[in-house]
There are 2 protein chains.
Amino acid sequence: MKKREKTVYEARAKVIKAIAHPSRLLIIEELQRQERCVNELTEMIGADTSTVSKHLSVLKNAGLVADEKRGNSIFYSLRCPCIMGFMGCVEEVLSANAEAQKNIMKLCKR
Amino acid sequence: MKKREKTVYEARAKVIKAIAHPSRLLIIEELQRQERCVNELTEMIGADTSTVSKHLSVLKNAGLVADEKRGNSIFYSLRCPCIMGFMGCVEEVLSANAEAQKNIMKLCKR
DNA sequence: TGTCTATTTGGCTATATTGCCAAATAGACA
DNA sequence: TGTCTATTTGGCAATATAGCCAAATAGACA
């Protein structure tokens, strides 16, 4: 892998890595619906505020969300809704896996 | 986050995490073009064979690739080509980020 | 100005990931 | 059977990630 290629793959990986966490997936899904402040997301996730704040900073750092201060809170919003399209594919993978498991079980019962 | 939801998000995250690595992104991209054996991929990536083998096992474990032994080698192939559609979105994020950076630079020069 | 609220940061520990080397394994083929 | 090749596994060290607590910060609003 040449240096140039490596840089490109690393940049892509960084974005994808930012998505690859249960809590951050929830955040992305919720922000696609509507913008939310840290407190609201914290309640939904059920973790420490500081933890959620750090998750948001990961997402922001990857360029996936935008933040805007309004009144006393900071509202986060999804910058690239196209990400949700990706979830369809992930779901496809998961159900293909489930199907494969099922077939293995069938073979066992024979 | 309820237990049920959590399980779902964890399953999704596992799949996405499997994609989120420079070398594995290269592998996915190459396998989308054509199936390849470990040796070929190892040369392309330029890492230890064992390292590449482990990357492949991560992908396989997530249900993203399939493997088939033929002759002396094991050929890996992409099980869910829809993943490549995702890359378009990642690219969009990256260029949006670049654009944002550019605008910041402009403000600095004023 | 002072207080109160929302959010971020620092520090820490526990856990997970990565990548290499060496060794084990599996199976093709003479 | 024996050898040779391709791949996987185990072990280890370095690094990164996640989550909590406590403390710092920023700014709204009386």
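Every value quoted in this text rests on a predicted model; they were computed, and no experiment measured them. As a basis for the values below, the full set of heavy atoms in this structure was taken, side chains included, without hydrogen atoms, waters or symmetry mates. Here is how names work: the chains are called A, B, and so on, in the same order as the sequence lines, proteins then strands, and each is numbered from 1.
Using modelled atom types, no side-chain atom of A/Arg12 and backbone atom of B/Val90 make a donor-acceptor pair closer than 3.5 Å. The main-chain N or O of B/Thr49 is never found under 3.5 Å from a side-chain atom of B/Ser53 such that the two would form a donor-acceptor pair. Between the side chain of A/Arg70 and the main chain of A/Phe75, no donor-acceptor pair closer than 3.5 Å is present.
One finds a side-chain N or O of A/Asn39 lying less than 4.0 angstrom from the OP1 or OP2 phosphate oxygen of C/dT7. Between B/Tyr76 and D/dT8 there is a side-chain N or O to OP1 or OP2 distance below 4.0 Å.
Listed here is the closest heavy atom pair of B/Glu40 and B/Cys37: OE1-N, 3.0 Å.
D/dA16: Watson-Crick or G-U partner is C/dT15, with both key distances under 3.5 Å. Pair check for D/dC29 finds C/dG2; Watson-Crick or G-U wobble, both atom distances under 3.5 Å. Across the strands present, C/dT8 finds its partner in D/dA23; the criterion is a Watson-Crick or G-U wobble pair with both atom distances under 3.5 angstrom.
Atom CG of B/Leu41 and atom C1' of D/dT7 are 12 Å apart (whole Å). Between A/Met1 atom CE and C/dT18 atom P there is a gap of 13 Å when expressed in whole angstrom units. Whole-Å rounding puts the B/Asp67 CG to D/dT7 P distance at 11 Å. Taking atom CD on A/Glu40 and atom P on C/dA6, their separation rounds to 11 Å, with Å as the unit. Between the P atom of C/dT15 and the CD atom of B/Glu10 lies a distance of 16 Å, rounded to the nearest Å. Taking atom CG on B/Asn72 and atom C1' on D/dC4, their separation rounds to 8 Å, with Å as the unit. In this structure, B/Ile45 atom CD1 and C/dT18 atom C1' are separated by 13 Å, rounded to whole Å. What separates CG of B/Asn61 from C1' of D/dT8 is a distance of 14 Å, to the nearest Å.
The SG atoms of A/Cys89 and B/Cys82 lie less than 2.5 Å from each other.
Within the 4.0 angstrom heavy-atom criterion, base atoms lie near B/Ser53.
Within the model, atoms CD1 of B/Ile83 and CG of B/Leu64 stand 4.0 Å from one another, a figure rounded to the nearest 0.5 Å.
The neighbour count for B/Glu43 CD, taken as heavy atoms of other residues, nucleotides or ligands under 6.0 Å away, does not exceed 12.
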Using the 3.5 Å cut-off, write out each protein N or O paired with an N or O of nucleotides 16-23 of chain D and the distance between them.
from, atom 1, to, atom 2, distance (Å)
D/dA18, OP1, A/Arg24, NH2, 3.4
D/dA18, OP2, A/Arg24, NH1, 3.4
D/dG19, OP2, A/His21, NE2, 3.4
D/dG19, OP2, A/His55, NE2, 2.7
D/dC20, OP2, A/Asp48, N, 3.2
D/dC20, OP2, A/Thr51, OG1, 3.1
D/dC20, N4, A/Lys54, NZ, 2.9
D/dC21, OP2, A/Asp48, OD1, 3.4
D/dC21, N4, A/Ser50, OG, 2.8

